[in-house]
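What follows is a set of notes on a single structure, which appears directly below.
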Number of protein chains: 2
Amino acid sequence: MKSVKLSPLKTISKGEMLLSQGEIANYGYLVKKGCLKSYTIDAAGKEHIVQFAPENWMISDLDSFTNRVPSLVFIEAIENSEYIPLSKSDFGAVNELEKEAVVEIANKYRNNLIAANKRIIGLLSATAEQRYLAFTDTYPTLIQRLPLKLIASYIGVTPEYLSDIRRKIAKK
Amino acid sequence: MKSVKLSPLKTISKGEMLLSQGEIANYGYLVKKGCLKSYTIDAAGKEHIVQFAPENWMISDLDSFTNRVPSLVFIEAIENSEYIPLSKSDFGAVNELEKEAVVEIANKYRNNLIAANKRIIGLLSATAEQRYLAFTDTYPTLIQRLPLKLIASYIGVTPEYLSDIRRKIAKK
DNA sequence: AATTAAAATTAAGGTATCTTAAGAAATGAA
DNA sequence: TTCATTTCTTAAGATACCTTAATTTTAATT
């Protein structure tokens, strides 16, 4: 029995990449400082942000990491950052983990799933303005920290349109 | 130590409801026959389908079930169905479960999370036509079984527009 | 501080998708 | 089989959001 073994802290500069679309994700990344993002590039060449990972968030392509299929996303630093890479062997096979560790992992997945479902509901049922306001509500600290164009990409609109939205909100 | 205890099979008619928006979800439902759906109703009164649950799928509002917060969704039968309700006490506290059961649960959450992330990517980056084609690809059996308007609601378009999309595809 | 590059704003015109509405087709009930 | 109800289709007009492009503001670099 063993718990998760930690690798040494690594550093990465803004703009550098840890994973590319189509590659196999051999690591998950636990961010200790700074911020990473994962994003797809669609058929039309446009970028869409799947996840932000500021301090103490984990980021990867879970499908690629788990099942060794090609990744759908790129992972890139949006600030100079520090992170711990976690490989499958760092985790060990699931049956070598203590039950407490498995419970912890299950809770993480569950919380992520709950958040993902909320995001789906928002994308299906809310206007761009409502999604922006929900984002500011849910991630108030990220608003200060991230450029508008990244937030636009996350909520699913163009930066130009998010700029319009902000102006309309300000006028109220 | 114990594994999950099963309650007796129940039946439900098309159109009947198992959970309403705003209520606490005391159960998850394991569908054995037929099909259930979960959906929100947005500020404008429109319905948006979050999940379909045909045979051997589980459906609930996970946040509500886990954290006893008000549900975001309704759960309703879209066919005459049979299901097994699972309460928290049916599961038992997590620390009373065997490790194998926890691993199984973690795997379920993980697979659901992977699917949810793919759906998010689709909603962010694909056109309605692409999302429809992806749906037919991913859930070929549901296409035969579900009315167009429910599929439209799931992929995030109006039934009228999905009808247009089908016509355009047929013309090719 | 000056220069360059990146991000944000603004505006005009365009497109995907929605709304409304009416009729046709399919399904279910009597 | 008929009637009623729901689902699907079609089309015209409306709107949310996008594209392009030019300008301003902010941030990064020398």
Side-chain angles (χ1 to χ4, degrees), chain A residues 13-16 34-35 37 39 41-49 52 76-81 122-136 142-172, chain B residues 13-16 34-35 37 39 41-49 52 76-81 122-136 142-172:
Chain A
S13 302
K14 177 174 173 173
E16 289 186 303
C35 193
K37 67 175 174 182
Y39 62 97
I41 294 192
D42 68 23
K46 304 255 148 78
E47 170 178 334
H48 304 276
I49 294 187
F52 294 117
E76 185 181 321
I78 55 184
E79 298 174 359
N80 295 329
S81 305
L123 288 169
L124 287 174
S125 69
T127 64
E129 175 172 345
Q130 292 170 330
R131 272 178 273 143
Y132 173 67
L133 292 173
F135 185 92
T136 63
L142 289 183
I143 289 284
Q144 330 281 13
R145 194 167 166 180
L146 300 177
L148 167 149
K149 70 183 247 195
L150 294 185
I151 296 167
S153 172
Y154 183 91
I155 68 176
V157 297
T158 60
E160 294 82 2
Y161 190 55
L162 180 51
S163 187
D164 284 353
I165 289 173
R166 275 191 173 168
R167 180 159 31 123
K168 276 172 207 152
I169 291 174
K171 271 190 190 155
K172 286 178 186 170
Chain B
S13 303
K14 177 174 173 171
E16 289 186 303
C35 192
K37 66 174 173 181
Y39 62 98
I41 294 192
D42 70 22
K46 304 254 149 79
E47 170 177 335
H48 304 276
I49 294 187
F52 294 117
E76 185 181 320
I78 54 185
E79 299 174 0
N80 295 330
S81 303
L123 287 169
L124 287 174
S125 69
T127 64
E129 175 172 344
Q130 292 170 330
R131 273 177 273 142
Y132 173 67
L133 292 173
F135 185 92
T136 62
L142 288 183
I143 289 284
Q144 329 281 12
R145 196 166 164 181
L146 300 177
L148 166 149
K149 70 183 247 194
L150 293 186
I151 295 166
S153 172
Y154 183 91
I155 68 175
V157 297
T158 60
E160 294 82 2
Y161 190 54
L162 180 51
S163 187
D164 285 352
I165 289 173
R166 275 191 173 166
R167 181 160 29 125
K168 277 171 207 152
I169 291 173
K171 270 189 190 155
K172 286 176 187 170

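Below, chain A is the first sequence line, B the second, and so on; all start at residue 1.
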Side chain of T127(A) only, please: which of dT9(D), dC17(D), dG28(C) is the nearest? dC17(D)

Among dC8(D), dG28(C), dA11(C), find the nucleotide with the atom closest to the side chain of P147(B). dC8(D)

Of L150(A) and V157(B), whose closest DNA chain C nucleotide lies nearer the 5' terminus? L150(A)

For the pair made of NZ in K149(A) and C1' in dA5(C), what is the distance, rounded to whole Å? 11 Å

Taking the side chain as C-beta and beyond, is there a heavy-atom pair between R167(A) and D164(A) under 4.5 Å? yes

Please state how far atom CG in D42(A) lies from atom C1' in dC18(D), giving the value in whole angstrom units. 13 Å

Between P on dA16(C) and CZ on R131(B), what's the gap in Å once rounded to a whole number? 13 Å

Can you check the I155(A) CD1 to dC17(D) P distance for me, whole Å? 9 Å

Salt bridge check: are E79(B) and R145(B) linked by an N-O gap of less than 4.0 Å? yes

As a test of reading the structure: which of dT17(C), dT19(C), dA21(D) is closest to the side chain of A128(B), going by heavy atoms? dT17(C)

Give a yes or no answer on whether the side chain of H48(A) reaches the backbone of S153(A) with a donor-acceptor pair at less than 3.5 Å. no

For K37(A), is there an ion pair with E47(A) - N to carboxylate O distance below 4.0 angstrom? yes

State whether R167(B) places a side-chain N or O below 4.0 Å from either non-bridging phosphate oxygen (OP1 or OP2) of dT9(D). no

Whole-Å distance separating the OH atom of Y161(A) from the P atom of dA21(D): 22 Å

Between S163(B) (side chain only) and Y161(B) (backbone N and O only), is there a donor and an acceptor less than 3.5 Å apart? no

Examine dC18(D): is either OP1 or OP2 under 4.0 Å from a nitrogen or oxygen in the side chain of K46(A)? Give yes or no. no

Choosing from dT9(C), dC18(D), dT9(D), which nucleotide comes nearest the side chain of E160(B)? dT9(D)

dC18(C), OP1 or OP2 - any side-chain N/O from T158(B) closer than 4.0 Å? yes

May I have the distance from E79(A) (atom CD) to dA7(C) (atom P), rounded to whole angstrom? 13 Å

Atom CG of D164(A) and atom C1' of dA16(D) are separated, to the nearest Å, by 11 Å

First of G156(A) and L148(B) reached from the 5' end of DNA chain D, by closest nucleotide: L148(B)

